[in-house]
Amino acid sequence: MKGESKAMLTCKQASEIISQSYDRRLSWREQWNLRIHLFICDACARFARQMRFIRQAMLRFSQEQLEADEQIRLSAAAADRIKRKLGRHQNR
């Protein structure tokens, strides 16, 4: 954390660190300061839970989307048949 001080994190700093925690590993000091802040601040603790929920939902959604895409993918034989039919149609 830039300009680290001994003072407790503000809510703005805490929310920034919560967001950053999904992109990078936090230092032990950031983790410690964030834990203290979340212990004291119900609003930021709620924000952290909401962020975790949203991230988990998006991960589930993306996995389900990948699985759905696999199920609707054409087989190689079907794709080849379509290409042949289109080729015949274009030659007319």
Side chains of Cys44 and Ser15: closer than 4.5 Å at any heavy-atom pair?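 No, too far: nothing below the 4.5 Å cut-off.
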Under a 4.0 Å threshold between the charged nitrogen and the carboxylate oxygen, would Glu30 count as salt-bridged to Arg35?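 No, this pair does not count.
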Pairing of Asp80 and Arg84 as salt bridge, 4.0 angstrom limit: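 Here Asp80 pairs with Arg84 in a salt bridge, since their nearest N and O are under 4.0 Å apart.
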Distance (rounded to the nearest 0.5 Å) between [X] [atom1] and [Y] [atom2]:
| X | Y | atom1 | atom2 | result |
| --- | --- | --- | --- | --- |
| Arg55 | Arg60 | CZ | CZ | 12.5 Å |
| Ile54 | Met51 | CD1 | CE | 6.5 Å |
| Ser27 | Asn33 | OG | CG | 8.0 Å |
| Ile17 | Leu9 | CD1 | CG | 4.5 Å |
| Leu34 | Glu16 | CG | CD | 12.0 Å |

Path from Trp32 to Met8 over hydrophobic side-chain contacts below 4.5 Å: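 They do share one cluster, since a chain of ILVMFWY contacts under 4.5 Å joins Trp32 to Met8.
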Return the set of residues passing side chain to side chain contact (heavy atoms under 4.5 Å, CB included) with Gln31 (not counting sequence neighbours), or none when no residue passes.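 Applying side chain to side chain contact (heavy atoms under 4.5 Å, CB included) to Gln31 gives Leu26.
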If you apply the rule side chain to side chain contact (heavy atoms under 4.5 Å, CB included), what do you find for Ser19 with Phe47, and how did you get there? CA-CA 10 Å; Ser19 295; Phe47 175 73; 4.2 Å; yes
Which residues pass the side-chain hydrogen bond (donor to acceptor under 3.5 Å, both in side chains) test with Ser21, not counting sequence neighbours?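 Per chain and number, Ser21 pairs via side-chain hydrogen bond (donor to acceptor under 3.5 Å, both in side chains) with no residue.
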Tell me whether the count of non-hydrogen atoms from other residues, nucleotides or ligands lying under 6.0 Å of OH in Tyr22 goes above 12.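 For Tyr22, atom OH is crowded (more than 12 foreign heavy atoms under 6.0 Å).
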